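What you see is a predicted model; the values in this text were computed from it and never measured. Residue numbers begin at 1 in each chain, while the letters A, B, ... track the order of the sequences.
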Amino acid sequence: MQQMQQIPDVIKLIPLNFYVLFSSALFCIGIVGVLTRRNAIIIFMSVELMLNAVNLLLAAFSSYRADPSGQIFVFFIMAVAAAEVAVGLAIIVMIYRNIQTIDVGILNKLKW
Amino acid sequence: MQFWYFLTALTLLSALMVVLSKNPIHSVLYLVFTFFCISGHYVLLNAQFLMAVNIIVYAGAIMVLFLFVIMMLDLRRNMPDSKSNLTKLAGAILGGTLLVILVAVMRKTQFPQFSQMGGKFDTQTGMVENLGQVLFRDYLLPFELVSILFFVAMVGAVMLGKREAGERNF
């Protein structure tokens with residue numbers, strides 16, 4: 001409890017730029033995952049990775065500015081992400097039930 | 001602050017392994033590890049509430065949902081053939097270019113340093129008590145609307161997952 005009263009070392013020693021770079025790297029890893037993989041579930045997981053990169057950046061800004069609104073926003077993003085995952089996985093299961101695969105290369109009926 | 005660099009490297013490494021590993025189960029486990037590392041970052045930022053919610057909602061609920069779906073789908077039989085190497089290369093180059101652009105944009109940006117905060121820093125920002133008061137005073141309506149969103153998502157998931165009459169089982 002004593003530890004929580006003090007200003008955390010990270011805020012004093014790590015510049016906010018480092019968090020911006022870290023979150024950008026995490027976001028780009030998610031983008032590469034979406035672009036290079038064909039398994040629909042792994043694409044979905046990469047989207048989750050991107051969402052978490054944004055969450056981390058929001059939390060970092062909120063902590064550095066000592067403003068609780070950013071962390072409330074992260075909380076709402078997590079709630080929306082949970083709902084999104086439930087519906088998305090239901091859609092993936094339905095796709096698998098209809099065409100027996102979740103390879104997104106086969107789902108190209110909307111392409112032309 | 002060696003620990004911060006260590007945790008960051010661990011997070012980026014496990015996030016890379018999510019994308020690179022062939023087996024979807026391994027991807028899910030690496031993603032769980034990534035979420036735990038991000039929770040560690042929340043602890044370092046003194047955001048204890050977000051740490052707890054991240055572990056409970058993401059590493060607990062969402063990842064279990066992913067694991068269940070992967071178990072239900074028979075992925076060994078129809079492991080999707082990967083994209084052509086040209087597409088993979090294009091995707092990697094595009095992601096790397098985006099990263100370079102973002103870094104180039106952020107490089108000159110000046111964010112306010114801690115020393116410029118003027119000494120009025122509230123260390124209790126991320127605690128449950130403080131966040132709860134803000135949540136239920138200023139953000140009460142969005143909080144209640146989230147429950148409607150959950151209800152709609154639940155109905156939608158049940159409708160999508162329901163087996164129709166005459167359809168065969170898995």
Worksheet item: So A/S69 and B/Y139, side-chain hydrogen bond (donor to acceptor under 3.5 Å, both in side chains) or not? Walk me through it.
Response: CA-CA 9 Å; A/S69 297; B/Y139 296 93; 3.3 Å; yes

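For a heavy-atom cut-off of 4.5 Å, chain A lies close to B/L31, B/T34, B/F35, B/I38 in residues 30-40 of chain B.
Of the possible polar contacts, none joining the B/S147 side chain to the B/F143 backbone as a donor-acceptor pair under 3.5 Å is found.
No more than 12 heavy atoms of other residues, nucleotides or ligands lie within 6.0 Å of CZ in A/F73, so this atom counts as exposed by the packing criterion.
Interface remark: A/L51 contributes side-chain atoms only to the contact with chain B (heavy atom separation under 4.5 Å). Proximity to chain B involves both the backbone and the side chain of A/F18, based on heavy atoms less than 4.5 angstrom apart. Neither the backbone nor the side chain of B/L89 comes within contact range of chain A, judged by heavy atoms closer than 4.5 Å. Residue A/I29 touches chain B through both its backbone and its side chain, counting heavy-atom pairs closer than 4.5 Å. Looking at B/V103, both its backbone and its side chain come within 4.5 Å of chain A, counting heavy atoms on both sides. Proximity to chain B (any heavy atom under 4.5 Å) is shown, for A/I91, by both the backbone and the side chain. Contacts between B/L135 and chain A at a heavy-atom distance below 4.5 Å involve backbone atoms as well as side-chain atoms. For A/N55, the parts lying near chain B are the backbone and the side chain together; criterion is any non-hydrogen pair under 4.5 Å. Of the atoms belonging to B/Y5, it is side-chain heavy atoms, and not backbone ones, that fall under 4.5 Å from chain A. Proximity to chain B involves both the backbone and the side chain of A/I41, based on heavy atoms less than 4.5 angstrom apart. When heavy atoms are compared at a cutoff of 4.5 Å, A/V20 approaches chain B solely by way of its side chain, counted from C-beta outward.
Options A/E48, A/E84, A/M94, A/M78 differ in how many heavy-atom pairs under 4.5 Å they form with chain B, and the most are formed by A/M78.
Looking at B/Y42 and A/L56, their side chains come closer than 4.5 Å, going by heavy atoms from C-beta outward.
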